[in-house]
Q: 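The following block contains the structure, expressed as structure tokens.
In what follows, chains are A, B, ... by sequence order, proteins preceding strands, each numbered from 1.
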Amino acid sequence: MTSADKGNSVDFIREIVERDIREGKNGGRVHTRFPPEPNGYLHIGHAKAICIDFGIAEEYGGLYNLRFDDTNPVKEDIEYVESIMRDIKWLGFDWKDRLFYASDYFDIMYNYAEELIEKGVAYVCDLSAEEIREYRGTLTEPGRNSPWRNRSVEENLDLFRRMKAGEFSDGARTLRAKIDMASPNMNMRDPAIYRILRRNHHRTGDRWCIYPMYDYAHCLEDSIEEITHSCCSIEFEDHRPLYDWFLNRLDIFHPQQIEFARLNLTFTIMSKRKLAILVEKGLVSGWDDPRMPTLSGLRRRGYTPEAIRNFTDRIGIAKRDSTVDMALLEYCIRDDLNRRAPRFMAVLDPLKVTIENYPSGKCEELEFINNPEDASAGSRIVQFSRELYIERDDFQEEPHRKFRRLAPGREIRLRYAFLITCVDVVKDEDGNVTELICTYDSETRGGNAPDGRKVKSTIHWVSAEYAVMAEVRLYDRLFTVENPLASDSFIETINDESLKVLNRCRIEPSAADLDIGEPVQFERMGYFCKDPDSTEEKLIFNRTISLRDTWKKILKNQE
RNA sequence: UGGGGCGUCGUCAAAUGGUUAAGACACAGGGUUUUGGUCCCUGCAUUGGGGGUUCGAAUCCUCCCGCCCCAGCCA
């Protein structure tokens with residue numbers, strides 16, 4: 001959706017961008033960036049940020065950079081840079097040759113730091129981490145100046161060069177910005193801008209033993225790349241004065257930082273740390289578990305990039321804290337898949353049906369429409385035979401008042417096949433229904449009766465002879481409550497039924513040849529895709545999302 | 001209790017002092033239907049609270065209330 005589709009209303013960021021273009025700021029350029037730290041996997045909250053950063057640049061004919069903000073080697077790894085690039089590409093964005101790393105700028109950043117020292121606005125501080133904390137003061141009390149605050153430029157320069165040269169141990173000294181220890185904004189109380197840290201960096205190896213801090217590094221990265229609009233999440237709002245401070249002292253290109261609210265979603269969590277707990281404790285199978293809000297999880301689950309992009313367009317952008325209803329994401333994936341997913345028959349919980357007046361060994365080929373929403377999807381041939389499977393839920397021996405499907409003596413339609421009537425129910429010694437004996441009307445091939453009689457329902461089926469076995473993994477929301485973090489222990493709110501594995505599913509044979517991840521609809525059951533765990537011998541499907549279930553609602557509303 | 005930010009339908013979110021406060025999701029009802037799907041129709045808020053300015057206020061002023069963020073040598 002572009003801004004034009006939304007009428008005249010655009011979000012506040014686009015409003016700023018449009019005004020800047022109109023006023024010729026930055027020569028009318030729009031240049032954004034998405035700056036992840038490669039320390040974990042991307043989740044749908046990042047997708048929102050990516051769609052804002054990259055989407056806006058695309059919309060206004062600008063450029064966008066992918067930049068890895070790799071200034072802390074303690075937490076970063078090449079594994080993450082690879083997964084991040086994979087996920088962004090999957091979302092459909094192409095940063096072309098504009099791939100950058102903060103670590104590419106370490107030399108420039110170092111030189112700028114010397115410049116700050118020369119200008120008398122940065123100094124080497126010998127306070128320990130603990131002492132710095134004590135000197136910083138509190139939210140209500142001002143901090144105190146470091147005893148090292150007034151070193152000469154020469155001494156600072158000498159010390160800083162020796163920090164770089166590796167003369168001091170980790171944590172022994174820092175380079176700090178000389179701002180205001182009494183500032184009501186804690187970020188302005190002489191923040192550290194370089195720390196001594198001997199750690200192998202995934203790109204620069206052991207070349208550096210000092211690393212720049214975020215507040216110092218980020219504005220420089222943006223400036224060096226001549227970013228015009230630097231969007232970030234709301235918690236950086238009170239870092240903006242610092243962002244501006246560095247750029248003003250250095251008197252270099254000055255991007256505008258704009259903050260927006262991060263995405264929260266009901267029935268899940270977005271915290272990287274807490275998601276990691278789920279992975280570590282084995283509560284999910286990994287970062288790409290289909291129940292995870294990670295992009296790799298959503299992809300494996302069967303979510304499409306189009307659905308996710310549509311979702312991020314629909315939620316809008318604002319500054320207030322908000323929690324979007326998971327139902328909107330679910331709506332978006334159903335909406336996308338309804339239009340594109342070819343239909344197949346699959347019986348998840350099989351109940352055998354024998355058509356007693358259908359000759360054994362006979363097989364008829366029936367024509368099935370691949371997608372009623374898309375005529376160009378064409379049709380396919382499906383085999384019909386004497387022995388079939390239907391969904392166990394599609395039969396009730398003593399039908400509920402509103403139940404329209406199969407019951408003793410009742411005639412219903414087998415989709416695209418025949419009208420059948422249940423004439424007998426076979427049970428085991430415990431009284432469980434094991435098989436249905438039905439008759440069919442050979443005049444109703446295709447599903448319509450020549451005499452025009454109607455039936456109340458149409459159910460799906462597979463031929464017992466031709467269907468293939470599959471495992472189907474039914475996923476549901478990972479948590480039982482809207483806000484798991486409001487609970488004392490979010491772990492305890494995990495939905496025990498968020499994964500159900502069905503082993504005896506029978507699917508129409510043509511569905512066996514699907515590619516991994518290719519979305520399909522199993523008619524009346526939901527949207528599914530083949531899981532990468534599938535092998536030649538064993539087919540495994542994931543349920544992306546069920547169809548909307550009015551029947552479930554009818555039952556619920558009766559309670 | 002210092003500073004910064006934010007309060008509009010159940011949930012997101014428009015509205016930029018001027019007709020009945022958009023739209024979407026959700027929810028409720030109805031219609032169509034060879035998926036109890038899709039699709040179509042209908043219903044669904046006076047803007048955190050109080051004062052004030054104005055012919056006119058969600059928009060401006062003011063007082064109050066509530067929520068979020070900040071005291072890493074993380075980002």
Side-chain angles (χ1 to χ4, degrees), chain A residues 6-11 15 35-37 39 69 71-72 74-76 125 127-130 132-133 136-143 170-176 182-189 191-197 210-211 213-215 217-218 232-241 259 261 266 314-332 334-335 338-339 343 345 369 372-373 402-405 412-417 419 446-448 454-460 482 521-526 546-554 557:
Chain A
K6 291 181 184 170
N8 292 321
S9 101
V10 292
D11 58 78
E15 213 166 76
E37 181 185 19
N39 69 346
D69 203 358
T71 58
N72 183 6
V74 175
K75 305 204 285 186
E76 297 153 8
C125 182
L127 256 27
S128 68
E130 193 183 331
I132 284 186
R133 197 185 323 125
R136 187 156 31 226
T138 67
L139 293 179
T140 50
E141 306 155 31
D170 286 10
R173 290 183 225 258
T174 54
L175 182 69
R176 294 227 258 165
S183 171
N185 181 344
M186 301 297 286
N187 297 119
M188 302 300 271
R189 318 244 264 227
I193 61 186
Y194 267 95
R195 76 271 212 186
I196 302 173
L197 180 64
I210 57 171
Y211 290 94
M213 302 293 293
Y214 167 84
D215 284 306
H218 204 87
C232 61
S233 45
I234 204 88
E235 67 270 26
F236 291 104
E237 207 152 24
D238 49 17
H239 290 241
R240 184 167 11 106
E259 309 86 9
T266 57
R314 283 167 174 271
I315 58 177
I317 310 168
K319 298 188 78 154
R320 67 183 85 107
D321 284 332
S322 61
T323 303
V324 176
D325 193 337
M326 176 64 87
L328 180 61
L329 215 211
E330 295 173 343
Y331 166 83
C332 289
R334 284 192 183 108
D335 185 50
N338 175 51
R339 275 173 286 170
R343 272 63 173 176
M345 298 289 189
I369 291 166
E373 303 297 317
K402 294 195 169 181
F403 187 79
R404 307 209 293 246
R405 289 108 84 180
I412 54 98
R413 172 165 41 234
L414 293 179
R415 179 147 233 229
Y416 298 132
L419 263 33
N448 285 311
K454 303 290 182 196
V455 290
K456 278 189 181 158
S457 77
T458 300
I459 66 172
H460 62 282
E482 283 198 8
Q521 184 191 108
F522 287 161
E523 291 216 36
R524 303 208 303 130
M525 303 309 289
S546 66
L547 257 32
R548 276 183 55 192
D549 193 345
T550 310
W551 172 242
K552 200 190 269 176
K553 249 177 224 174
I554 291 169
N557 289 347

Q: Considering Watson-Crick and G-U wobble pairs with both distances under 3.5 Å, what does B:rU47 pair with?
A: none
Q: If the C1' atom of B:rG66 is compared with that of B:rU47, how far apart are they to the nearest Å?
A: 16 Å
Q: Name the nucleic acid region contacted by A:I554, choosing base, sugar-phosphate or nothing; use a 4.0 angstrom heavy-atom cut-off, strictly under.
A: base
Q: In whole angstrom, what separates A:E373's CD from B:rG37's C1'?
A: 8 Å
Q: Tell me: CG of A:D11 to C1' of B:rC12, nearest whole Å?
A: 13 Å
Q: Whole angstroms only, please: what is the CZ-P distance between A:R404 and B:rU35?
A: 10 Å
Q: Checking the side chain of A:S183 only, and the main-chain atoms of A:N185 only, is there a donor and an acceptor separated by less than 3.5 Å?
A: yes
Q: Please check this pair: side chain of A:R195 against backbone of A:G171, looking for a donor-acceptor N/O pair closer than 3.5 Å.
A: no
Q: Can you check whether A:G447's main-chain N or O pairs, donor with acceptor, with A:R413's side chain at less than 3.5 Å?
A: yes
Q: Under a 3.5 Å cut-off for both distances, is B:rG66 Watson-Crick or wobble paired, and to whom?
A: B:rC6
Q: With rounding to the closest Å, how many angstrom separate the C1' atoms on B:rG72 and B:rA15?
A: 42 Å
Q: Check each of A:T174, A:D170, A:L175 against A:I196 using the side-chain contact (heavy atoms from CB on, under 4.5 Å) test, and report the only one that passes.
A: A:D170
Q: Looking at A:D549 and A:K553, does any basic side-chain N land under 4.0 Å from a carboxylate oxygen?
A: no
Q: One character per nucleotide, please: for nucleotides 67-75 of chain B, 5' to 3', B when the base has a protein heavy atom closer than 4.0 Å, S when only the sugar-phosphate does, - otherwise.
A: -SBBBSBBB
Q: Mind checking A:R334 for me? I need base, sugar-phosphate or nothing, with any heavy atom below 4.0 Å counting as a touch.
A: nothing
Q: State which of B:rG10, B:rG36, B:rA15 makes the closest approach to the side chain of A:S9.
A: B:rA15
Q: Based on the glycosidic angle (syn within 90° of 0, else anti), state the conformation of B:rG66.
A: anti
Q: Considering only the C1' atoms, how many Å lie between B:rC44 and B:rG30, rounded to the nearest integer?
A: 15 Å
Q: Regarding A:P372, tell me which of base, sugar-phosphate or nothing describes its non-hydrogen contacts under 4.0 Å with the strands shown.
A: base
Q: Judged by each residue's nearest nucleotide on RNA chain B, which is more toward the 5′ side, A:E237 or A:R343?
A: A:E237
Q: Taking CZ from A:R413 and C1' from B:rU33, how many angstroms apart are they, rounded to a whole number?
A: 10 Å
Q: What is the distance from CG of A:L328 to P of B:rG10, rounded to the nearest Å?
A: 17 Å
Q: Please give, in whole Å, the distance from B:rG37 P to A:R415 CZ?
A: 12 Å
Q: Side chains of A:L139 and A:M186: closer than 4.5 Å at any heavy-atom pair?
A: yes
Q: Can you check whether A:R136's main-chain N or O pairs, donor with acceptor, with A:R189's side chain at less than 3.5 Å?
A: yes
Q: Angle between ring planes, A:F236 versus A:Y214, binned at 30° and 60°: parallel, tilted or perpendicular?
A: tilted
Q: Is there a side-chain contact between A:K319 and A:E237, using heavy atoms and a 4.5 Å cut-off?
A: yes
Q: Taking A:R334 for its side chain and A:G526 for its backbone only, find out whether a donor-acceptor pair lies under 3.5 Å.
A: no
Q: To the nearest Å, how far apart are A:N338 CG and B:rC40 P?
A: 11 Å
Q: Just to be sure I understand the rule, does A:Q521 reach a base, reach only the sugar-phosphate, or reach nothing, if contact means heavy atoms closer than 4.0 Å?
A: base
Q: If we take the P atom in both B:rA75 and B:rC39, what is their distance in whole Å?
A: 47 Å
Q: Just to be sure I understand the rule, does A:Y416 reach a base, reach only the sugar-phosphate, or reach nothing, if contact means heavy atoms closer than 4.0 Å?
A: base
Q: Look at all strands and tell whether A:E523 reaches a base, only sugar-phosphate, or nothing, counting heavy atoms closer than 4.0 Å.
A: base
Q: Mind checking if A:F522 touches a base, just sugar-phosphate, or nothing, with heavy atoms under 4.0 Å?
A: nothing
Q: Does A:R320 reach a base, just sugar-phosphate, or nothing at all? Heavy atoms under 4.0 Å.
A: base
Q: Can you tell me how far C1' in B:rC70 sits from the matching atom in B:rG37, rounded to whole Å?
A: 49 Å
Q: Determine the interatomic distance between P on B:rC6 and the same-named atom on B:rC61; round to the nearest Å.
A: 13 Å
Q: Check every strand shown and say whether A:L547 touches a base, only sugar-phosphate, or nothing at a heavy-atom separation below 4.0 Å.
A: base
Q: Using the C1' atom in both, what is the distance from B:rU32 to B:rA24, to the nearest Å?
A: 24 Å
Q: Specify the separation, in whole Å, of atom NZ of A:K553 and atom C1' of B:rA26.
A: 8 Å
Q: When you match A:R548 and A:T458 each to their closest nucleotide on RNA chain B, which lands nearer the 5' end?
A: A:T458
Q: For B:rC55, give the paired nucleotide (Watson-Crick: N1-N3 plus N6-O4 or O6-N4; G-U: N1-O2 and O6-N3; both under 3.5 Å), or none.
A: B:rG18
Q: With rounding to whole Å, what would you report as the distance between B:rA57 and B:rA21 at their P atoms?
A: 12 Å
